[in-house]
Amino acid sequence: MTLQWFKNQVQVLGLSNLSTRFCPEPACLQVGLTLLENLKLDLTGCTVYAFDFRLCPECQTINVVKNQEFYCSVCDAALPLHWNFEHPQ
């Protein structure tokens with residue numbers, strides 16, 4: 001999340017799910033936006049960046065899918081079309 005203090009108010013400039021530790025699904029961004037709206041933060045100039053993550057079934061590398069090409073950047077194996085990380089317990 002990118003924040004800016006402007007005229008005694010917090011503005012949200014950007015929001016993304018780019019975290020290779022948690023590898024969250026893009027759907028989490030809507031939850032984040034709703035929470036920020038409920039906090040009455042200014043989202044006027046907010047840019048949302050959504051990233052798709054896949055875990056390679058062959059070499060276990062975390063991949064960010066680019067250009068809808070579902071191939072591992074390390075071993076070139078096919079990546080699943082759907083998010084394939086386990087949710088935390």
Side-chain angles (χ1 to χ4, degrees):
M1 184 178 331
T2 305
L3 304 172
Q4 172 178 288
W5 185 256
F6 182 72
K7 295 185 180 179
N8 296 323
Q9 183 177 351
V10 175
Q11 293 178 318
V12 182
L13 301 180
L15 183 66
S16 87
N17 66 325
L18 186 57
S19 167
T20 56
R21 178 163 190 256
F22 298 105
C23 303
E25 296 178 76
C28 75
L29 293 168
Q30 186 54 54
V31 174
L33 287 169
T34 300
L35 290 170
L36 294 170
E37 287 173 355
N38 290 343
L39 291 171
K40 307 289 189 230
L41 294 179
D42 182 4
L43 300 175
T44 306
C46 181
T47 303
V48 177
Y49 302 95
F51 295 90
D52 285 307
F53 297 95
R54 298 295 184 275
L55 184 64
C56 178
E58 298 297 321
C59 71
Q60 301 301 299
T61 299
I62 295 171
N63 288 266
V64 176
V65 176
K66 298 175 185 159
N67 301 318
Q68 296 298 305
E69 295 178 8
F70 290 84
Y71 294 96
C72 179
S73 61
V74 174
C75 73
D76 208 35
L79 297 173
L81 297 180
H82 300 287
W83 188 84
N84 63 334
F85 294 87
E86 289 192 31
H87 291 282
Q89 301 298 322

Chemist: What distance separates Leu41 CG from Cys46 SG, expressed to the nearest 0.5 Å?
Modeler: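 The SG atom of Cys46 is 10.0 Å from CG of Leu41, to the nearest 0.5 Å.
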
Chemist: I'd like to know whether OH of Tyr71 has more than 12 heavy-atom contacts from other residues, nucleotides or ligands below 6.0 angstrom.
Modeler: no

Chemist: Just one of Thr2, Leu43, Leu33 clears the side-chain contact (heavy atoms from CB on, under 4.5 Å) bar with Val12, so which one?
Modeler: Leu43

Chemist: Under a 3.5 Å distance rule, please check whether Asp42 uses its side chain to pair with a backbone N or O of Thr44 as donor and acceptor.
Modeler: yes

Chemist: Taking side chain as C-beta onward, heavy atoms only, is Val65 less than 4.5 Å from Phe53?
Modeler: no

Chemist: Should Val64 and Asp52 count as side-chain neighbours, where that means a heavy-atom distance under 4.5 Å?
Modeler: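 The answer is no, as the side chains (C-beta and beyond) never meet within the 4.5 Å cut-off.
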
Chemist: Just how far is it from atom CE of Met1 to atom CG of Leu13, taken to the nearest 0.5 Å?
Modeler: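 Here the rounded value is 11.0 Å.
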
Chemist: So, taking the atom named CG in Leu15 and the one named CD in Gln30, what distance separates them when rounded to the nearest 0.5 Å?
Modeler: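 Separation between the atoms: 10.0 Å.
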
Chemist: Would you indicate whether the side-chain heavy atoms of Leu18 and Tyr49 approach each other to under 4.5 Å?
Modeler: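 Tyr49 does not reach Leu18 side chain to side chain.
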
Chemist: Checking Asn63 side chain against Ser73 main chain: does a donor-acceptor pair fall under 3.5 Å?
Modeler: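 Such a contact is found between Asn63 side chain and Ser73 backbone.
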
Chemist: I'd like to know if the side chain of Trp83 and the backbone of Cys23 have a donor-acceptor N/O pair within less than 3.5 Å.
Modeler: yes

Chemist: Distance-only, no hydrogens or angles: does the Asn17 side chain make a donor-acceptor pair with backbone N or O of Pro24 under 3.5 Å?
Modeler: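 A pair under 3.5 Å: yes.
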
Chemist: Is there a path from Leu39 to Val10 through hydrophobic residues (I, L, V, M, F, W, Y) whose side chains come within less than 4.5 Å of each other?
Modeler: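 Yes, it is one cluster - the side chains of Leu39 and Val10 are joined through contacts under 4.5 Å.
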
Chemist: Okay, side chain of Gln60, backbone of Cys56: is any donor-acceptor separation there less than 3.5 Å?
Modeler: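 Indeed, once roles are kept as given, a pair shorter than 3.5 Å links the two residues.
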
Chemist: Please answer: with hydrophobic residues joined when any side-chain heavy atoms are less than 4.5 Å apart, are Leu36 and Val31 in the same cluster?
Modeler: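 No: no chain of side-chain contacts under 4.5 Å links Leu36 to Val31.
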
Chemist: Calculate, to the nearest 0.5 Å, the distance between atoms CG and OG1 belonging to Leu55 and Thr61 respectively.
Modeler: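 Separation between the atoms: 8.0 Å.
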
Chemist: Say whether Ile62 and Phe51 are linked into one hydrophobic cluster, either directly or through other cluster members, by side-chain heavy-atom distances under 4.5 angstrom.
Modeler: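 Yes; tracing contacts between hydrophobic side chains, which count when under 4.5 Å, links both residues.
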
Chemist: Between Arg54 (side chain only) and His82 (backbone N and O only), is there a donor and an acceptor less than 3.5 Å apart?
Modeler: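 Looks like yes, one N/O pair under 3.5 Å.
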
